[in-house]
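Computed from heavy atoms alone, side chains included, the values below leave out hydrogens, waters and symmetry copies. Throughout, protein chains are lettered first and strands after them, A, B, ... in sequence-line order, and every chain is numbered starting at 1.
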Protein chains: 2
Amino acid sequence: MSDTRTNAGVDNISTFRKMKVWERPDERVIVLLSAGNLATTQAVASLLDERSKAPEDRTPSILATPSMFQTARLVGDTLKEVIRQAAIGGQSADAFGASFILGGQIRGGEPRLFLIYPEGNFIESGPDTPFFQIGETKYGKPILIRAHEMDLSFEETAKLLLVSFDSTVKSNLSVGLPLDLLCYPADSFKVGHQKRIEQDDPCFRAISDGWSQALRSAFKSLPDFEF
Amino acid sequence: MSDTRTNAGVDNISTFRKMKVWERPDERVIVLLSAGNLATTQAVASLLDERSKAPEDRTPSILATPSMFQTARLVGDTLKEVIRQAAIGGQSADAFGASFILGGQIRGGEPRLFLIYPEGNFIESGPDTPFFQIGETKYGKPILIRAHEMDLSFEETAKLLLVSFDSTVKSNLSVGLPLDLLCYPADSFKVGHQKRIEQDDPCFRAISDGWSQALRSAFKSLPDFEF
């Protein structure tokens with residue numbers, strides 16, 4: 001799940017999709033979520049896209065990488081290339097920083113999930129750290145830590161993501177609706193449910209309002225502190 | 001409420017009280033919570049302390065300011081003085097940054113609460129923004145936003161603070177127990193309940209464990225997302 005809020009200061013707020021999908025039905029699904037400098041993340045996605053359309057120019061293209069690990073390297077290398085070029089003007093590379101979550105599956109391998117740092121290197125999720133966040137991560141982390149379980153269904157996971165995003169949206173102007181949601185069922189090699197969740201989505205409203213209510217009841221149910 | 005964790009990197013973690021109290025029974029209670037550079041915050045507290053013991057050296061001392069507003073100015077000015085001196089060596093003043101929450105009451109005035117910025121200027125709480133956070137604020141903010149009400153009792157407020165701190169402690173190594181809690185009943189002109197809450201405090205354990213449980217139940221009680 002990704003939000004769509006971008007800003008260059010509170011007086012310059014826009015909406016951009018931060019989720020990019022490459023799909024070859026029956027062979028690969030690759031999903032890239034981005035955070036950070038929008039010019040950088042768009043350039044990375046555009047370069048990956050362009051090169052997948054003219055694969056002879058540059059191999060492997062993101063539609064031809066042999067594994068998710070090689071795909072993560074390709075995204076990381078493209079990110080380094082974009083940041084290096086942006087910083088040629090003399091500005092610090094930090095100003096152009098961006099990070100990505102890369103998930104997907106390529107036939108012959110398992111579904112894999114990577115977090116790609118602004119430096120272009122990356123880490124992979126595992127049983128100890130089964131999920132990643134990028135961008136404005138702190139507000140939404142406590143509920144993820146507490147409510148995440150390995151056997152959540154897609155429906156429960158979507159609910160958890162909405163609760164986490166909702167906590168962030170309520171606390172910080174730099175994250176905002178609509179949200180983009182994509183599910184990938186393992187070994188399906190095609191994109192599953194996809195949805196853009198707007199402010200007035202009845203399911204989102206029910207979860208957001210219900211959560212405020214449920215939190216307050218949960219809080220009241222606790223014993224008061226005794227002095 | 002304040003935590004006690006300070007760090008200069010993950011390999012250099014210590015415990016320091018971040019709550020400082022000046023009291024003149026029947027006349028004033030002033031409480032100062034600090035976040036940021038420990039050398040700066042300790043220097044500010046020490047200077048305020050020293051000068052209150054030799055008030056002829058510098059007036060007004062923090063035990064002689066005529067109002068909470070003037071007390072906030074005194075703390076802000078002392079902070080600027082400390083940061084200015086620290087930066088004489090040529091380092092950026094940002095490296096020595098610190099912020100404070102100042103609360104209290106001086107006879108003749110109402111209880112007042114201020115947030116003092118690293119620049120030494122400050123804002124005051126009001127009905128629209130009845131509480132302040134400093135330091136690692138993001139993890140604990142969503143629950144404050146949702147569960148805070150103006151008519152919470154001291155016991156409920158302490159519970160809310162514990163839940164908010166607990167969310168932060170679970171998410172970030174830079175915040176840690178023990179916690180220091182102080183209550184000031186309006187117009188009492190003396191410090192109310194004071195307590196250091198350790199890891200094994202039974203009340204804290206009940207609230208922390210209960211909250212994990214209550215959150216999970218609250219989460220399960222919400223409708224799942226429907227695709």
Which bit of [X] is near chain B, if near means a heavy-atom gap under 4.5 Å: side chain, backbone, both or neither?
X        : value
A:Arg216 : side chain
A:Leu144 : neither
A:Gln194 : neither
A:Leu162 : side chain
A:Glu149 : side chain

Going by residue number, which parts of residues 19-39 of chain A are within reach of chain B, meaning a heavy-atom gap below 4.5 Å?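 The list, in residue order, is empty: none.
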
Inspect the surroundings of CD in A:Gln91 and state if more than 12 heavy atoms from other residues, nucleotides or ligands are less than 6.0 Å away.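 No, the 6.0 Å shell around CD holds no more than 12 heavy atoms from other groups.
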
Over 60° means perpendicular and under 30° means parallel, so tell me whether B:Phe219 and A:Trp211 are parallel, tilted or perpendicular.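 Rings of B:Phe219 and A:Trp211: perpendicular, over 60°.
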
A:Ile207 and B:Asp224: side-chain contact (heavy atoms from CB on, under 4.5 Å), yes or no, with the steps? CA-CA 8 Å; A:Ile207 290 171; B:Asp224 283 351; over 6 Å; no

Quick check on B:Ile145 against chain A: is it the side chain, the backbone, both or neither that has a heavy atom closer than 4.5 Å?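 It is the side chain, since no backbone atom gets that close.
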
B:Arg146 versus A:Ser212, closest heavy-atom pair with distance: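 So the minimum-distance heavy-atom pair works out to NE-OG, 3.2 Å.
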
Keeping to residues at least two apart or across chains, list the salt bridge (Lys or Arg N to Asp or Glu O under 4.0 Å) pairs with something in residues 116-131 of chain A.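 The answer is A:Arg112-A:Glu124.
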
Let me confirm one number: the OH-NZ distance from A:Tyr139 to B:Lys141, rounded to the nearest 0.5 Å.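 NZ of B:Lys141 is found 5.0 Å from OH of A:Tyr139.
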
For the candidates B:Ala206, B:Gly210, B:Ala147, B:Pro223, which exhibits the highest count of non-hydrogen atom pairs separated by less than 4.5 Å from chain A?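 Answer, by heavy-atom pair count under 4.5 Å with chain A: B:Pro223.
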
Counting C-beta onward and ignoring hydrogens, is there a side-chain heavy-atom pair between A:Phe225 and B:Leu161 closer than 4.5 Å?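 They are not in contact (no side-chain heavy atoms under 4.5 Å apart), so the answer is no.
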
Suppose a student defines contact as a heavy atom less than 4.5 Å from any heavy atom of chain A. Which residues in residues 153-160 of chain B would they list?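 Heavy-atom contacts from residues 153-160 of chain B to chain A are B:Phe154, B:Glu155, B:Glu156, B:Ala158, B:Lys159, B:Leu160.
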
Chain A-proximal positions within residues 167-189 of chain B [heavy-atom distance under 4.5 Å]: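 Only B:Ser167, B:Lys170, B:Ser171, B:Asn172, B:Leu181, B:Cys183 of residues 167-189 of chain B have a heavy atom under 4.5 Å from chain A.
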
